[in-house]
Amino acid sequence: MMATVSPTVERNLHEMLRDAPMMNDSSNAVHSGFTNPQIPKPAKNHAAQEQNVVSPAGSKEGGQKFPLTKIETIKCWGVSTYKCTRQLMYEKLGKTSRTIDKDLETQIEYLRDTQKKYANLLKLTRLLSTHFYHVVQTQQALAEAFSELSQKSPELQDEFNSNSETQRSLSKNGELLLNALNFFLSSINTLCNKTIEDTLMTVRQYEAARIEYDAYRMDLEALAQTPRCDANTARIDDAQLNYQKYKEEFERLRNDVEIKFKFLEENRIKVMRKQLSLLNSAVSAYFSGNQQALESTMKNFCIKYNNSKTSPISNSS
């Protein structure tokens with residue numbers, strides 16, 4: 001079983017690579033690298049994970065199985081981490097090529113940009129909901145104040161009652177609009193921070209697999225240029241096996257990313273079309289004073305109206 005990369009060590013490696021100067025060599029570099037790619041964790045070593053240890057003098061403990069020692073585990077992890085770190089540094093310095101799928105990388109950058117814009121939309125809508133919640137609370141307090149004054153001022157009772165009813169009507173419609181805003185916020189939050197983030201998690205795994213694949217590909221290409229001998233032939237065979245293993249993993253994750261992109265795009269369009277229609281209808285009906293249209297919008301989107309005081313949505317991430 002391979003050791004887990006220490007978060008501190010991995011973070012230090014990221015910072016070191018991020019701060020490295022760009023010295024692109026046009027004869028070797030293919031394209032610029034990913035933005036802050038993760039150093040992949042080494043794959044599990046399926047060969048010889050247990051060893052037989054026979055105790056001296058043929059004791060009863062002979063043949064008992066023991067796991068790999070910590071030194072062997074650290075050694076395997078160190079080799080894989082070294083290769084991937086070296087690949088990242090060479091890419092930063094423009095000293096090696098990297099595997100590029102232009103269409104897929106364009107989609108990845110577009111998705112990351114979309115998530116940022118949706119996060120900003122979420123922030124602004126949440127701010128609007130919070131402010132509007134305080135407006136509704138103020139309207140309710142104002143309605144109570146007008147009603148109380150109408151009882152103590154008989155000469156102005158009709159005027160106070162009229163204003164009290166107006167504020168109550170506004171606050172009631174405001175609560176309907178708040179429900180629509182909170183429903184919009186909840187749906188966009190799920191899309192941005194769960195659905196899109198799930199796809200980006202697969203993207204990060206794909207990028208890590210790409211680094212592993214390129215690291216072992218570079219090893220194989222270097223060994224292929226060495227003189228032929230028994231020792232080098234054995235090393236080339238081992239490198240070929242590692243290269244094939246990481247190539248298959250890289251291609252599998254690339255297919256996973258393409259499939260997730262397809263389903264995400266369909267889901268995103270469907271969700272946003274519904275939510276944007278809801279927001280536009282609710283806001284237009286409220287500010288035009290059309291209570292029937294506002295209530296109809298809530299029913300069409302199956303949003304239950306709660307007669308209790310509506311609170312703004314929590315700042316869930």
Is Glu197 salt-bridged to Arg112, going by a charged N under 4.0 Å from an acidic O? no
Closer than 3.5 angstrom, by distance alone: can the side chain of Ser169 be matched with the main-chain N or O of Glu165 as a donor-acceptor pair? no
Working to the nearest 0.5 angstrom, can you tell me the gap between Leu177 CG and Phe287 CZ? 6.5 Å
Sub-3.5 Å donor-acceptor pair from the side chain of Ser277 to the main-chain atoms of Arg273, do we have one? no
What's the verdict on side chain to side chain contact (heavy atoms under 4.5 Å, CB included) for Asn280 and Leu276, showing C-alpha distance, side-chain angles and the deciding distance? CA-CA 6 Å; Asn280 183 63; Leu276 291 173; over 6 Å; no
Can you give me the closest heavy-atom contact between Arg210 and Thr99, atom names plus distance? CD-O, 3.7 Å
Assess the pair Tyr246 and Tyr216: is the distance between their ring centroids shorter than 6.0 Å? yes
Go through it in stages, so that I can follow the logic: the residues are Asp101 and Glu258, the test is side chain to side chain contact (heavy atoms under 4.5 Å, CB included), and I'd like the CA-CA distance, side-chain angles, deciding distance and then a yes or no. CA-CA 11 Å; Asp101 187 330; Glu258 290 174 347; 4.2 Å; yes
Taking all atoms of both residues into account, what is the closest heavy-atom pair of Leu104 and Arg254, and its distance? CD2-CG, 3.6 Å
With side chain to side chain contact (heavy atoms under 4.5 Å, CB included) as the criterion, how do Arg235 and Thr226 come out once you've worked through the C-alpha distance, each side chain's angles and the decisive distance to 0.1 Å? CA-CA 10 Å; Arg235 294 174 61 192; Thr226 59; over 6 Å; no
Check the pair Lys116 / Glu109 against salt bridge (charged side-chain N to carboxylate O under 4.0 Å, His left out), numbers first and verdict last. CA-CA 11 Å; Lys116 290 180 181 178; Glu109 291 303 317; over 6 Å; no
Using a 4.5 Å cut-off on heavy atoms from C-beta on, say whether the side chain of Phe160 contacts that of Ser153. yes
Should we count CD of Glu148 as having more than 12 external heavy atoms under 6.0 Å? no
Quick one: do Asp214 and Phe250 satisfy side chain to side chain contact (heavy atoms under 4.5 Å, CB included)? Show the steps, please. CA-CA 10 Å; Asp214 279 341; Phe250 168 67; over 6 Å; no
Is it the case that one hydrophobic cluster holds both Leu264 and Leu200, taking links as side-chain heavy atoms less than 4.5 Å apart, direct or via other members? yes
Atom CG of Leu124 with >12 non-hydrogen neighbours under 6.0 angstrom: yes
Under 4.5 Å between any side-chain heavy atoms of Gln87 and Thr85, yes or no? no
Begin with the C-alpha distance, continue with both residues' side-chain angles, and end with the deciding distance and a verdict on salt bridge (charged side-chain N to carboxylate O under 4.0 Å, His left out) for Lys194 and Asp198. CA-CA 6 Å; Lys194 293 183 179 180; Asp198 177 70; over 6 Å; no
Do Leu156 and Leu149 come close enough that some side-chain heavy atom pair is under 4.5 Å? no
Between Cys84 and Glu212, the two heavy atoms sitting closest are SG-CG, 3.7 Å
Would a 4.5 Å heavy-atom cut-off, applied to side chains only, mark Ile188 and Thr125 as touching? no
Between Arg168 and Glu144, does any NZ, NE, NH1 or NH2 come within less than 4.0 Å of an OD or OE carboxylate oxygen? yes
Would you say the side-chain atoms of Ser296 pair up with the backbone N or O of Gln292, donor to acceptor, closer than 3.5 Å? no
Testing the basics here: between Phe146 and Ser164, what is the closest heavy-atom pair and its distance to 0.1 Å? CB-CB, 3.6 Å
Any idea which heavy atoms bring Cys192 and Gln115 closest together, and the distance? O-NE2, 3.3 Å
Could you see if Tyr118 belongs to whatever hydrophobic cluster contains Leu181? Use Ile, Leu, Val, Met, Phe, Trp, Tyr and a side-chain cutoff under 4.5 Å. yes
Evaluation steps, side chain to side chain donor-acceptor pair (under 3.5 Å), between Gln291 and Glu295: CA-CA 6 Å; Gln291 182 177 357; Glu295 292 177 349; 3.2 Å; yes
Tyr243 and Met218: same hydrophobic cluster, using ILVMFWY side-chain contacts below 4.5 Å? no
For the residue pair Arg217 and Ser97, what are the closest heavy atoms and their distance? NH2-O, 3.3 Å
Side chains of Glu175 and Gln140: donor-acceptor distance under 3.5 Å anywhere? yes
Within-4.5 Å side-chain heavy-atom neighbours: Glu249 and Tyr213: no
Nearest 0.5 angstrom please: Asn173 CG to Leu294 CG, how far? 5.5 Å
In sequence, state the C-alpha distance, the side-chain angles, and the governing distance for Arg86 and Asp219, and then conclude on salt bridge (charged side-chain N to carboxylate O under 4.0 Å, His left out). CA-CA 11 Å; Arg86 179 189 61 186; Asp219 273 357; 2.6 Å; yes
Would you give the length of the straight line joining atom CG of Asp237 to atom CG of Asn232, rounded to the nearest 0.5 angstrom? 11.0 Å
As a quick check of understanding, evaluate side chain to side chain donor-acceptor pair (under 3.5 Å) for Ser187 and Gln275, giving each step before the final call. CA-CA 8 Å; Ser187 299; Gln275 296 304 317; 3.2 Å; yes
Tyr286 OH: over 12 foreign heavy atoms closer than 6.0 Å: yes
Hey, could you give me the CG/OG distance between Leu122 and Ser186, rounded to the nearest 0.5 Å? 9.5 Å
Between Thr202 and Asp256, is the side chain to side chain donor-acceptor pair (under 3.5 Å) condition met? List the steps. CA-CA 8 Å; Thr202 305; Asp256 289 348; over 6 Å; no
Find out whether Asn189 and Arg126 are in side-chain contact, i.e. whether some heavy atom of one side chain is under 4.5 Å from a heavy atom of the other. yes
Taking only Lys NZ, Arg NE, NH1 and NH2, and the carboxylate oxygens of Asp or Glu, determine whether Glu207 and Arg204 approach each other closer than 4.0 Å. no
Going from CG on Leu170 to CD on Gln139, what distance comes out if it is rounded to the nearest 0.5 angstrom? 5.0 Å
Got a second to check how far Leu121's CG is from Thr114's OG1, nearest 0.5 Å? 12.0 Å
Mind checking what makes side-chain hydrogen bond (donor to acceptor under 3.5 Å, both in side chains) contact with Asn255, not counting sequence neighbours? none
If hydrophobic clusters are built by linking Ile, Leu, Val, Met, Phe, Trp and Tyr wherever their side-chain heavy atoms come under 4.5 Å apart, do Leu128 and Tyr133 end up in the same one? yes
If we only count heavy atoms from C-beta on, is the Phe183 to Met298 side-chain gap below 4.5 Å? no
Side chain of Ser162, backbone of Asp158: donor and acceptor closer than 3.5 Å? no
Using a strict cut-off of less than 4.0 Å between a Lys/Arg side-chain nitrogen and an Asp/Glu carboxylate oxygen, indicate whether Lys262 and Glu266 qualify as a salt bridge. no
Quick one: do Leu127 and Leu185 end up in the same hydrophobic cluster if we chain Ile, Leu, Val, Met, Phe, Trp and Tyr together by side-chain heavy atoms under 4.5 Å apart? no
Decide yes or no for Thr195 and Arg268: does some side-chain heavy atom of the first lie under 4.5 Å from some side-chain heavy atom of the second? no
Ser129 and Asn182: CA distance, side-chain angles, deciding distance, side chain to side chain donor-acceptor pair (under 3.5 Å) verdict: CA-CA 7 Å; Ser129 178; Asn182 289 343; 3.2 Å; yes
